[in-house]
Participant: 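The structure's right below; bear with me while I get my questions together.
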Amino acid sequence: MSRFVAVRTASAAGLLLVLSFIIFCLQAVSPGDPVRASLGANSSPAAVAEARRRLGLDDPFFARYWHFLRDLLHGDLGQSLRTHRPVTTDLGDFLPATTELVLVAFLLALLLGALFAVSASLRWPGGTAFRAVLLVGAAAPPFLLALGAILLFYAHLGWLPASGRGGDEGAGGWVLLGSLLTLHLGTAASALQHVLLPALVLSIAPAISIGRILRASLDGTLAADHVRTARAKGLPEPGVLARHVVRNSLGPAVSMAGLQLGFMFAGVVVVEQVFSWPGIGTYLSSSIPVSDFPAIAGVTLVLGAVYIVLNAVVDVLQALADPRTTA
């Protein structure tokens, strides 16, 4: 097992290195001039030359990549050309909002996925209609699903707000978690109300993936010999489901849930843009039109690193739960 963990950790580190190289190459071949963008179009040639020398932009390609990698290892992602602040500072302001959104969406995906699988395996009344609604939602493009959700839950029913976070964005940006930890329940309720709609949109597609895996696992377990034996002994059906079916069916679904959590971070950009959610997706969307490549590279690196690390953690947890997967 320790060998598998070491190999998986080294593999994740290698992927992070490849990701950093790809992002550096994209930065090197991008048409924008970061010095001109930083100093302004009317800056003198001497000032531009001095800035290029100071930033090391005239160095050979691999020397610049080494400097880029060295700065990354020291937590330096450069300075945003738009906000004129370190990218790490900007990410520290925007990342809490994205993290809260993804965590709530992840919990919703687990709940909806479980309901999807159980309603299909145990044939609940109304289960077919519930599954049909989820499947239609998962098949729709994210922006279309978001607009439909706004029209239904905000404009027509008036149940949920369509933008904002419902509280002061101080305290490091942790509006929901911060208000829960400090027992400001009114702010927590408002923050939860504001996050539900974008989280619901973000959770539909992952819920289907988790639900399908869980359903296949449930069907296999329901047909297993030990479940038939438990029923033949006269055990109540809820006890059979809780003790012999659900517990033995969770392994594959847990692995899929971990992968979907990584996908949620990668797919949050569109949802944040539609709902004006002040997370790193909105930060990225604001940086692209002005060619703010340090900010774009910083967000891409963070999202890529989250996805790679989560995949590695899921693989290790799966190996711990079932050592046969390391073979």
Side-chain angles (χ1 to χ4, degrees), residues 4-27 68-69 72-73 75 77-78 87-88 90-110 113 138 141-143 173 195 198-199 201-213 251-274 277 279-285 287-288 293-321 325:
F4 174 79
V5 173
V7 170
R8 194 63 187 86
T9 303
S11 173
L15 287 174
L16 288 172
L17 187 63
V18 171
L19 176 65
S20 70
F21 185 72
I22 292 174
I23 290 175
F24 176 78
C25 290
L26 292 176
Q27 184 177 13
F68 176 74
L69 198 60
L72 282 183
L73 294 176
L77 296 174
V87 173
T88 50
D90 285 344
L91 292 179
D93 290 341
F94 287 97
L95 195 56
T98 298
T99 304
E100 286 190 346
L101 171 60
V102 171
L103 288 179
V104 174
F106 182 63
L107 294 177
L108 284 175
L110 293 179
F143 72 92
V195 78
V201 172
L202 190 61
S203 69
I204 297 295
I208 295 297
S209 299
I210 295 170
R212 281 176 169 160
I213 293 292
V254 170
S255 300
M256 176 56 71
L259 295 176
Q260 292 302 320
L261 181 58
F263 281 127
M264 283 183 181
F265 272 100
V268 78
V269 177
V270 174
V271 175
E272 286 191 356
Q273 188 69 12
V274 173
W277 189 260
I280 58 174
T282 299
Y283 179 62
L284 177 63
S285 301
S287 302
I288 291 175
F293 204 88
I296 298 170
V299 174
T300 307
L301 272 171
V302 168
L303 293 178
V306 168
Y307 182 76
I308 291 171
V309 171
L310 282 177
N311 270 283
V313 171
V314 168
D315 286 349
V316 171
L317 292 178
Q318 191 174 20
L320 291 173
T325 59

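From a predicted model like this one, the values you see are computed outputs, not experimental measurements.
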Participant: Ignoring hydrogens and geometry, is there a side-chain-to-backbone donor-acceptor pair from S11 to V7 under 3.5 Å?
Facilitator: no
Participant: Measure the spacing between CG of L301 and CG of L72 and express it to the nearest 0.5 Å.
Facilitator: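 With rounding to 0.5 Å, CG (L301) is 5.5 Å from CG (L72).
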Participant: Side chains of V87 and Y283: closer than 4.5 Å at any heavy-atom pair?
Facilitator: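 Yes, their side chains come closer than 4.5 Å.
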Participant: Taking all non-hydrogen atoms of both residues, which atom of Y307 and which atom of L259 are closest, and how far apart?
Facilitator: CE1-O, 4.4 Å
Participant: Atom OG1 of T88 and atom CG of D93: how far apart are they, to the nearest 0.5 Å?
Facilitator: 10.0 Å
Participant: In sequence, state the C-alpha distance, the side-chain angles, and the governing distance for V314 and L261, and then conclude on side-chain contact (heavy atoms from CB on, under 4.5 Å).
Facilitator: CA-CA 10 Å; V314 168; L261 181 58; over 6 Å; no
Participant: Exactly one of V309, V316, N311 should register a side-chain contact (heavy atoms from CB on, under 4.5 Å) with V313. Which one does?
Facilitator: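 Between V313 and the candidates, side-chain contact (heavy atoms from CB on, under 4.5 Å) is satisfied uniquely by V309.
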Participant: Could you check whether any side-chain heavy atom of E100 comes within less than 4.5 Å of a side-chain heavy atom of V104, counting everything from C-beta outward?
Facilitator: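 Counting from C-beta outward, E100 and V104 never come under 4.5 Å.
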Participant: Evaluate the side-chain proximity of L17 to S20: yes if any heavy-atom separation is below 4.5 Å, no if none is.
Facilitator: yes
Participant: Could you tell me if the side chain of L101 sits less than 4.5 Å from the side chain of E272, heavy atoms only?
Facilitator: yes
Participant: Search all heavy atoms of G281 against all heavy atoms of T98 and return the closest pair with its distance.
Facilitator: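 Distance-wise, the nearest heavy atoms are N-OG1, 4.3 Å.
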Participant: So which heavy atom on I210 is nearest to which on Q260, and how close?
Facilitator: CG1-CG, 4.1 Å
Participant: How far apart are the closest heavy atoms of A105 and S203, and which atoms are they?
Facilitator: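 Where A105 meets S203 most closely, the heavy atoms are O-CB, 3.2 Å.
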Participant: Which heavy atom in V270 sits nearest to a heavy atom in P142, and how many Å separate them?
Facilitator: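 Shortest heavy-atom separation between V270 and P142 comes out as CG1-CB, 4.2 Å.
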Participant: Do L103 and L107 make a side-chain contact, defined as non-hydrogen atoms from C-beta onward lying under 4.5 Å apart?
Facilitator: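 Not touching, per the 4.5 Å side-chain cut-off.
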Participant: Over 60° means perpendicular and under 30° means parallel, so tell me whether F24 and F68 are parallel, tilted or perpendicular.
Facilitator: tilted
Participant: Hey, are the side chains of L26 and T300 touching, using non-hydrogen atoms and a 4.5 Å cut-off?
Facilitator: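 No, too far: nothing below the 4.5 Å cut-off.
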Participant: Is a donor on one side and an acceptor on the other found under 3.5 Å between the side chain of T282 and the backbone of W277?
Facilitator: yes
Participant: Looking only at heavy atoms, what is the nearest atom pair of L77 and G298, with distance?
Facilitator: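 For L77 versus G298, the nearest heavy atoms are CD1-CA, 4.1 Å.
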Participant: So, taking the atom named CZ in F265 and the one named CG in L95, what distance separates them when rounded to the nearest 0.5 Å?
Facilitator: 7.0 Å
Participant: When rounded to the nearest 0.5 angstrom, what is the spacing between CG in L284 and CG in D90?
Facilitator: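 Between L284 CG and D90 CG, I get 12.5 Å after rounding to 0.5 Å.
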Participant: Using the side chain to side chain donor-acceptor pair (under 3.5 Å) criterion, which residues pair with S209? Sequence neighbours excluded.
Facilitator: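 Residues passing side chain to side chain donor-acceptor pair (under 3.5 Å) with S209: none at all.
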